> 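First, the structure itself, so that you have it in front of you.
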Amino acid sequence: MTQGAEEISIVSRKEPGEDKTLDASLRPHTWNDYIGQDAIKKNLAISLEAARRRNEPLEHILFYGPAGLGKTTLAHLIAKEMGAAIRVTSGPAIERVGDLASILTNLIPGDILFIDEIHRLNKLVEEILYPAMESRSLDIIIGKGPSARILQLDLPPFTLLAATTRIALLSSPLRSRFSGGTYRLSFYTQQDIERIIARSAAILNVAIEPVAITELALRSRATPRVANRLLKRCRDYADVRGNGVITADGSHDALELLEIDNRGLEPSDRRILEALIFKHNGGPVGVQTLAASTSEEIETIEEVYEPYLLQLGFIERTPRGRVVTAHAYEHLGLPLPTTMQETLL
Ligand code: ADE
């Protein structure tokens, strides 16, 4: 990679606690502010404490799970807990081997490197990462053919934290190098989402009725990022159409206007279900065909729509493709096909 301005676009370095690019005000800034994912937090707390006591960097850790559940937030909190600077980049931003070499050689001891969307690293770059993770060694091949040589550089002690929405796309050599653990973030409980909304409302300094919190949480797809987005839309509505307080009626009206239904489905989710039902007879249908018939990207279906529809039990994945379930028919208010009549009993 060339030096200078280009570097800024592939990696940004933040001192402990510094956080300008994220939806900064609503993100938890301390370990205790982070609601939910209790089992992961407990395990991480032990790893952090052990690393601190031994005065060693934390081992490399991989987070996976649907978007918006707090993988990046956890990485920032870990850096803060370790008193380390975090350097943030992403799989698609690291195009060439030289890009990664530059990032790695610019690390200072104890730094945390966070690679988001690590499943999108290209193979050549990934291979440079193996020795870097395993033995802090940067192996660069110089020249070609018989005269090629390997230049080996020592790297400072560092921790790689990585996140992906698509763990299955990671090669097993890469997965196996996360010696500090691989953690799957889960969808949040209704109670935890309600706590997050109450906390965010307090930060935004907006009054919200308890019933409105419940209503918003129900429609937040069990996902903090969605909860915070909907809260802000309801605050806008309350400011423009009401007296600034998010009431039960106001939040209901705002969410209806956004066409978000009582399970958090948006028009695009419903389009997927309707395509499955009306165009593909309820399935099974392959994701490629479904993508073509809904004019969506395959990745968007797999990463955005499917995880939550699966979580709700509205679709299932079978070896022959996606199938819609009786619960989806019921939710959409459609009559059950006769072949499904028993499944809802
Ligand atoms: N905002 C986004 N994710 C959060 C979480 N897990 N806890 C508290 N606030 C959040």
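This is a predicted model, so every value here is computed, not measured. Counting convention: from 1, in listed order, for ligands and their atoms alike.
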> Return the closest protein heavy atom for atom 3 (N) of ligand 1 as residue, atom name and distance.
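Among all protein heavy atoms, the one nearest atom 3 (N) of ligand 1 is Pro224 CB, 3.3 Å.
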
> Identify the closest protein heavy atom to atom 10 (C) of ligand 1: which residue and atom is it, and at what distance?
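The answer is Pro28 CD, 3.5 Å.
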
> Quick one: do the Tyr183 and Gln37 side chains pair a donor with an acceptor below 3.5 Å?
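Side-chain D/A pair, Tyr183 to Gln37: absent.
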
> Looking only at protein heavy atoms, which one is nearest to atom 8 (C) of ligand 1, and how far off is it?
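Result for atom 8 (C) of ligand 1: Asp33 O, 3.3 Å.
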
> Indicate whether the side chain of Asp249 and that of Thr247 have a donor and an acceptor atom separated by less than 3.5 Å.
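No, because no side-chain N or O of Asp249 sits under 3.5 Å from a partner of the opposite role on Thr247.
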
> Mark up the atoms of ligand 1 that fall under 4.0 Å of a heavy atom belonging to Tyr188, in ascending order.
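Close to Tyr188: 6 (N).
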
> Do Glu299 and Arg166 sit within salt-bridge range, that is, some charged N less than 4.0 Å from a carboxylate O?
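Arg166 and Glu299: not salt-bridged.
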
> Looking only at protein heavy atoms, which one is nearest to atom 9 (N) of ligand 1, and what is the separation?
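Nearest neighbour among protein heavy atoms for atom 9 (N) of ligand 1, to 0.1 Å: Arg199 NH1, 3.5 Å.
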
> Would you find more than 12 non-hydrogen atoms of other residues, nucleotides or ligands less than 6.0 Å from Glu49 atom CD?
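Atom CD in Glu49 is packed in, count exceeds 12.
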
> Could you identify the single nearest non-hydrogen protein atom to atom 6 (N) of ligand 1 and state the distance to 0.1 Å?
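Checked against all protein heavy atoms, atom 6 (N) of ligand 1 sits closest to Ile35 O, 2.9 Å.
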
> Do you see a donor-acceptor pair shorter than 3.5 Å between the side chains of Glu296 and Ser268?
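Not at all, the side chains of Glu296 and Ser268 share no donor-acceptor pair under 3.5 Å.
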
> Please step through side-chain hydrogen bond (donor to acceptor under 3.5 Å, both in side chains) for the pair Thr165 and Glu303, ending with a clear verdict.
CA-CA 7 Å; Thr165 47; Glu303 290 175 29; 3.3 Å; yes

> Please check whether Tyr34 reaches ligand 1 - meaning an N/O of the residue sits under 3.5 Å from an N/O of the ligand, judged on distance alone.
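By distance alone, the answer is no.
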
> Answer with yes or no whether Asn228 contacts ligand 1, where contact means a heavy atom under 4.0 Å from a ligand atom.
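Contact present.
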
